[in-house]
There are 2 protein chains.
Amino acid sequence: MTVTLADVAARAQVSPATVSRVLNGNYPVAASTRERVLKAVDELDYVLNGPASALAAATSDLVGILVNDIADPFFGIMASAIQSEIGGPGGRAGGERLAVVCNTGGSPERELTYLTLLQRQRAAAVVLTGGAVEDAPHKAAVAGKLRRLAEAGTRVVLCGRPPAPETGAIALTFDNRGGGRELTEHLIGLGHRRIGYIAGPEERTTTRHRLEGHRAGLAAHGIEEDPRWTVHGRYDRRSGYEATLELLRRDPSLTAVVAANDSVALGACAALREAGLRIPHEVSVAGFDDLPFSVDAVPALTTVRLPLAEAGARAGRIAMGREEAPPGGIATVRGELMVRGSSGPPRG
Amino acid sequence: MTVTLADVAARAQVSPATVSRVLNGNYPVAASTRERVLKAVDELDYVLNGPASALAAATSDLVGILVNDIADPFFGIMASAIQSEIGGPGGRAGGERLAVVCNTGGSPERELTYLTLLQRQRAAAVVLTGGAVEDAPHKAAVAGKLRRLAEAGTRVVLCGRPPAPETGAIALTFDNRGGGRELTEHLIGLGHRRIGYIAGPEERTTTRHRLEGHRAGLAAHGIEEDPRWTVHGRYDRRSGYEATLELLRRDPSLTAVVAANDSVALGACAALREAGLRIPHEVSVAGFDDLPFSVDAVPALTTVRLPLAEAGARAGRIAMGREEAPPGGIATVRGELMVRGSSGPPRG
DNA sequence: TATCAAATAGAAAGCGCTTGCTATCACGCC
DNA sequence: GGCGTGATAGCAAGCGCTTTCTATTTGATA
């Protein structure tokens, strides 16, 4: 029924071993033999049985990529870059690896389950993207899984995630704190003193770091923060919209709103516009990430550009062992402040 | 070193067969025995060897999702919906399947390679999203692969893709033609007669169908199309920007621009704004897809909403055999015209 | 021409799991 | 009290491939 290695061998009049060697190309096979085998493969339309070879060779060509939300370009861009370096189809021949993008939806349980699934598949490498959840037990559970994966020979890379000590995982961390601070200082420099902040979900590292950066910026300029100025929400547009209405209700005198990311900022812009407030004349807005659409917002969004594609590509190369890990297994990736039309001096 | 079924069996004082049956839960095992086994699994931190069980059972829990561009929310949204129905982690217990999102980058070769890779992994199902490339040999090659996959028991579903006859693939097709026509007729209804069209890449079905719809709309109202009014490009913002400049150069008297999709439309808006043309007062703009950011554009984008999430979810359910295939294996998914601020009557 | 070393091909032993079939055991029934 | 019966558990034969080790061939060397 299904064609097996043995069928090909029979047809090419060689042993299964030889066919396997031709297909894997890591053992000398005479050109004439190889040709005969390849011909048989072609004629029989043979496709290697992945599970069987993975079992026999004790390795697999699966590479896992964990993302929080695949519908969010923030992750899409990283995943795309990682995948392009995985060497999957399109990469160099022979190294055909299957990149598995797993959508955790930000749920710790799903994250763990996916890690187990990847461990089960004996994945060659795993790249985890996006902020981590700060719940202690979960953190420990993930660390345990990562350690176990690393021990089993799976290369583990964290991209845009804080380091996971003692797990053997390589980390490329985004400097969310520094970026957040720079952004807020930019606004302060323009003259803003009453700045609202729309944070992401409470329990994520990304949320905390960006917020800490923001607060550090305020503190550095002796601005005391009003607790009413911070609202937590999700990392999406809707959340930005609602949070902005809430901020406006709490303190209509705000002259600027900093959002946890660009999507949130877009929602904020929408809310401000509906409230009849012009951007940036009456309220300045800033985002984070510099996703492709941010430059198209009207006015274009002031934000912090994160080199998502570059970081992803690097993570991919490290995962494939094609680039050396940074010293200490940790590297910090900085963002770049992009000043655009959505921020300006406060009115008055 | 690595823990195997046998180790667990030894520890629980049962045979490997019993352990396997406990883990798969498809054979009666006494409660006390099960408990003992589960305890051993836990103590040894045992994780099933995926390839081995896939080999032995001749099935796998991998489900492939092919997308053109994972960084594009159009695909991200569908992939996310498909994945949520795959029943991966988060779905019902037992049915833990690994969704594999494969990024073809729109390249026919990569598409084929990925299909082979999935065939090699003996994927349980494969969902192909997005428009197909119209090159005849490639089409035949893909059809062959799909047929072979279906024969091997892999369920194949096309989501937002034209049907592939004789392959056994179920197709949920988007009514790109109808949507395109409706959109153009909307503009005509507003009084537009000179409408530019920024199409996608030439060789894709999606491009052709939307363009055909547009032309059908023009024809239905007796408007003769000027060949200068159509420009081809990619499905991204940049392309929309450049194509719009080109259109403006060719015929500055255009009163509306229809874009192949929302990203392209955003680029068009940017170009028009830079050219000092107000939207919609001087030029109307329309997109396609209604991605989340479209409502945030200023003015909000008139477009055709495609129920990406619903279609993806349905495709996922069909792929998992949890929903019946549509009669004839083909269903058409209609779009809905969303009239917003970016379209209005032509000036004068 | 005899000898040795490459070069190349094959035999066979698993890799870790599933599953059809068989064995065992405890009951309950005639 | 012997025996059918259902409920469990184990045996063992693979699943299709890789890879070590061995056999064979060939060409070069002395």
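Chain letters run A, B, ... following the sequence lines, proteins first, then strands; residues in each count from 1. This one's a predicted model, so the numbers in the text were calculated from it and none came from an experiment.
Across the protein-nucleic acid pair, L23(B) atom CG and dT18(C) atom P stand 7 Å apart, rounded to whole Å. Look at CG on D7(A): it is 10 Å from C1' on dG16(D), rounded to the nearest Å. As a whole-Å value, the separation of L55(B) CG from dG16(C) P is 12 Å. Distance R122(A) CZ to dC15(C) P: 14 Å, rounded to the nearest Å. Going from atom CZ of R34(B) over to atom P of dA7(D) covers 15 Å, rounded to whole Å. Atom pair Q13(A):CD and dG10(C):P shows a separation of 10 Å (rounding to whole Å applied). Atom CG of L5(B) is separated from atom P of dT19(C) by 12 Å (rounded to the nearest Å). Protein atom CZ of R120(A) is 14 Å distant from nucleotide atom C1' of dG16(C), rounded to whole Å.
Mapping A17(B) and N49(A) onto DNA chain D by nearest heavy atom places A17(B) closer to the 5' end of the strand. Between T33(A) and P16(B), the residue whose closest nucleotide on DNA chain C is further toward the 5' end is T33(A).
With respect to the salt-bridge test (charged N to carboxylate O, under 4.0 angstrom), the residues E166(B) and R147(B) do not qualify. K139(B) has no carboxylate O lying under 4.0 Å from a charged side-chain N of E134(B), or vice versa, which leaves the two without a salt bridge.
Within the 4.0 Å cut-off from OP1 or OP2 of dG10(C), at least one side-chain nitrogen or oxygen of T18(A) is found. The side chain of S53(B) contributes no N or O atom lying less than 4.0 Å from OP1 or OP2 of dG16(C). One finds no side-chain N or O of T4(B) lying less than 4.0 angstrom from the OP1 or OP2 phosphate oxygen of dG16(C).
When the nucleotides dG16(D), dT19(C), dA9(C) are ranked by their closest atom to the side chain of T2(A), dG16(D) comes out on top. Of the candidate nucleotides dT18(C), dG16(C), dG10(C), dT18(C) has the atom nearest to the side chain of A57(B). Comparing dA9(D), dT18(C), dA11(C) by their nearest atom to the side chain of A30(B) picks out dA9(D). Residue P28(A) places its side chain closer to dT8(C) than to any other of dT8(C), dA9(C), dC15(C). With dT19(D), dC15(C), dT18(C) as the candidates, the nucleotide lying closest to the side chain of A56(B) is dT18(C).
Counting only N and O atoms by type, the side chains of D61(A) and Q121(B) include a donor and acceptor under 3.5 Å apart. Side-chain atoms of T113(B) and T116(B) form no donor-acceptor pair, as typed in the model, at a separation below 3.5 Å.
Donor-acceptor pairing under 3.5 Å, judged by distance alone, is present between the side chain of R21(B) and the base of dG20(C). Between the side chain of Y27(A) and the base of dA9(C), at least one donor-acceptor pair of N or O atoms lies under 3.5 Å.
Side-chain contact between M320(A) and E85(A): absent, with no pair of heavy atoms (C-beta onward) separated by less than 4.5 Å.
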